[in-house]
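As C-alpha cells, the structure follows; a few thoughts come after it.
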Amino acid sequence: MSVAFHGAKFCWMNGEIIETEKALVSAMEPIHLSIFEGIKAYVENDLCDKGRLNIFQWKSHIDRLWRSAAVCGMKMPYTKEELLEATRKTIRANGFDMNVYIQPRIWPRAETPKEVHIVIPAWTFETILGKDNTRFSKERRFIVSSWRRIASDALPPQAKAWANYGNSALAMREAERLGYDGAIFLDNRGFVSEGTGASIMTVRNGKVITPPVSASILESVTRETLVKIIPEDLGIPVEVRDITRVELYASDEVFLCGTGWEITPITSIDGLPLGKEYPGVVTNRIAEYYADVVARKVEKHKEWLTPV
Ligand code: PMP
C-alpha cells in the first residue's frame with residue numbers, strides 16, 4: 001500500500017495508556033498464535049479535514065476479534081465495551097483529530113498461555129477515498145500469485161491470525177521481485193480468493209461479483225458492507241460466487257476492498273489490462289459512496305459509526 005501511515009506517541013497496553021516505544025514484551029513470548037484486528041476511525045463530513053472522529057463498523061470488527069480469539073483458544077480478559085473505551089482512550093491520548101488506523105494485537109503469555117497481552121497501537125493515515133480526481137490516478141499492476149491462499153483445513157483464513165500473514169507476505173514479495181504492485185491469490189481449488197490483505201471484487205456487464213467465504217477468504221467487514229450497500233443503495237446487482245482466473249482477466253473492472261486498502265482499483269493482472277477505462281465507472285461510484293458512508297454523511301448508515 002502506498003498510503004502514508006504515521007505512528008502514534010501513545011498506545012494502550014494491558015489496561016493502561018503508555019508510550020508506544022515502551023510497549024515491550026519479552027522476546028521469549030510465543031508469537032505463532034497471535035491475533036489482531038484492523039479498524040479505522042474517520043473524520044466526520046470531510047475525510048481530508050480535521051474534526052470529530054467516528055470508528056467505522058466497530059461492532060463487526062470486535063465481533064471478528066472475539067471469533068479469532070475463540071479459534072486460537074484465547075480468552076479475552078476484557079469485555080467488548082472495555083476495549084471500545086480503551087480504543088477511545090488511545091485516540092484521545094494522542095489528541096488525534098484526523099483519520100486514525102488502530103490495530104488491537106493480542107497474543108498468549110509464555111508462562112500462562114491462557115492469559116494474553118493486549119496492545120492497541122494507532123497510526124494516522126491519509127485516506128485515498130477523499131481526494132476526488134487524483135485519488136485513483138496511480139496505476140496498480142497485479143499478478144496472480146504462484147502461492148495459493150491458505151486452505152481452511154490447514155490454517156483458518158477466517159481468523160485474523162498473524163500466522164496467516166506469512167502466506168500474504170510471500171505473495172507480496174513475489175510480486176515485488178517480479179516488478180508488480182501486488183498479488184491476488186487463488187484458493188486451493190484454483191478459484192479466485194482475495195488479495196494479500198483485502199477482499200476482491202470484479203465488475204462484469206454492470207454486475208459486481210465477489211468470491212464466497214468458502215474461497216478461503218477472511219470474512220471482510222468492508223466486503224460485507226459493500227455486499228449490502230451496492231445493491232440496496234446504488235442499485236447495482238452483486239453476486240457472491242466463485243470466480244475463475246479467466247473471468248478475472250475478462251473483467252471490465254477489478255478492485256480490492258478492505259479497511260486498509262479501502263477501495264483500490266487494479267489496472268492490470270498478469271500484464272493484461274482490465275476494461276476500457278481506469279478506474280472504471282462502477283468502481284468510482286462505489287468508492288464515492290463508500291467515502292460518504294464512512295464520513296457519516298449517509299443518514300441510514302450512521303449506526304455503523306461509533307463516536308470516539
Ligand atoms: N483479507 C485479508 C487477508 C485481510 O487482511 C483483510 C484486512 N483486514 C481483508 C481481507 C479485508 O478485511 P476488512 O474489510 O475487514 O478489513
Side-chain angles (χ1 to χ4, degrees), residues 1 3 5 34-42 55-69 71-72 87 99-106 121 123 125 127-129 142 144-145 147-152 154-173 175 182-188 191-202 208 210-230 238 240 243 254-264 266 286-287 290-291 293-294 301 304-306:
M1 234 179 308
V3 180
F5 276 76
S34 54
I35 58 168
F36 70 109
E37 200 38 66
I39 308 170
K40 276 182 175 173
Y42 285 96
I55 306 169
F56 184 56
Q57 295 282 30
W58 167 264
K59 187 177 180 313
S60 299
H61 282 288
I62 213 67
D63 286 349
R64 186 171 64 190
L65 184 65
W66 252 249
R67 288 200 303 275
S68 299
V71 171
C72 296
T87 300
N99 302 319
V100 180
Y101 176 73
I102 56 161
Q103 194 182 73
R105 300 172 173 196
I106 294 142
W123 293 262
F125 69 93
T127 175
I128 58 168
L129 289 172
F142 274 54
V144 171
S145 179
W147 295 98
R148 291 293 175 100
R149 185 70 186 136
I150 46 168
S152 59
L155 278 170
Q158 281 84 52
K160 212 163 158 58
W162 281 114
N164 298 351
Y165 287 82
N167 185 222
S168 300
L170 286 173
M172 275 307 294
R173 283 195 184 169
I184 295 160
F185 281 117
L186 302 182
D187 68 12
N188 65 333
F191 288 102
V192 175
S193 177
E194 61 181 346
T196 53
S199 282
I200 193 164
M201 298 201 170
T202 77
V208 173
T210 193
V213 172
S214 49
S216 279
I217 65 167
L218 178 75
E219 285 175 288
S220 151
V221 173
T222 317
R223 171 183 170 280
E224 207 52 47
T225 303
L226 295 184
V227 164
K228 182 171 169 57
I229 64 178
I230 294 172
V238 173
V240 177
I243 300 173
V254 177
F255 63 92
L256 295 168
C257 65
T259 303
W261 293 70
E262 301 179 324
I263 311 281
T264 300
I266 296 175
I286 294 169
Y290 183 72
V293 170
V294 299
H301 298 310
W304 286 341
L305 290 141
T306 305

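Whatever order the structure lists them in is the order used to number ligands and atoms, beginning at 1. Since the structure is predicted, the reported quantities are computational estimates derived from the model, not experimental observations.
Each of I200, D187, I184, I150 was checked for a side-chain contact (heavy atoms from CB on, under 4.5 Å) with S193, and the lone residue meeting it is D187.
Numbered from 1 in the order shown, with element, the atoms of ligand 1 that lie under 4.0 Å from a heavy atom of R149 read 3 (C). For ligand 1, the atoms sitting less than 4.0 Å from at least one non-hydrogen atom of E194 are 1 (N), 2 (C), 3 (C), 10 (C), numbered in the order shown with element in parentheses. Close approach of ligand 1 to L218 is summarised as follows: ligand atoms under 4.0 Å from at least one heavy atom of the residue are 1 (N), 2 (C), 4 (C), 6 (C), 8 (N), 9 (C), 10 (C), 12 (O).
The protein heavy atom nearest to atom 16 (O) of ligand 1 is T259 OG1, 2.6 Å. Given atom 5 (O) of ligand 1, the protein heavy atom at minimum distance is Y165 OH, 2.4 Å. The protein atom (non-hydrogen) at minimum distance from atom 7 (C) of ligand 1 is G197 O, 3.3 Å. Given atom 8 (N) of ligand 1, the protein heavy atom at minimum distance is K160 NZ, 2.7 Å.
E37 contributes atom CD, which lies 9.5 Å from atom OG of S60 (distance to the nearest 0.5 angstrom). Annotation: the span from F185 atom CZ to N167 atom CG amounts to 3.5 Å, rounded to 0.5 Å.
Y165 places a side-chain heavy atom less than 4.5 Å from the side chain of K160. Contact annotation: the side chain of V208 approaches that of I286 to within less than 4.5 Å [non-hydrogen atoms, C-beta and beyond].
Closest approach of L65 to P104, counting heavy atoms only: CD2-CB, 4.4 Å.
The closest approach between S199 and ligand 1 falls below 4.0 Å for a heavy atom of the residue. In this structure, G260 has no heavy atom closer than 4.0 Å to ligand 1.
At under 3.5 Å, a nitrogen or oxygen of T222, whether backbone or side chain, sits near a nitrogen or oxygen of ligand 1. Close N/O approach between R64 and ligand 1 is found [any backbone or side-chain N/O within under 3.5 Å]. On a distance-only criterion, S220 and ligand 1 share at least one N/O pair closer than 3.5 Å. Annotation: V221 places an N or O atom under 3.5 Å from an N or O atom of ligand 1; distance criterion only.
The neighbour count for E224 CD, taken as heavy atoms of other residues, nucleotides or ligands under 6.0 Å away, does not exceed 12. Counting heavy atoms of neighbouring residues, nucleotides and ligands inside a 6.0 Å radius, atom CH2 of W147 does not exceed 12 of them.
Classified by interplanar angle (parallel below 30°, tilted 30° to 60°, perpendicular above 60°), the ring pair Y42/F125 is perpendicular.
Of the heavy atoms in Q57, none comes closer than 4.0 Å to ligand 1.
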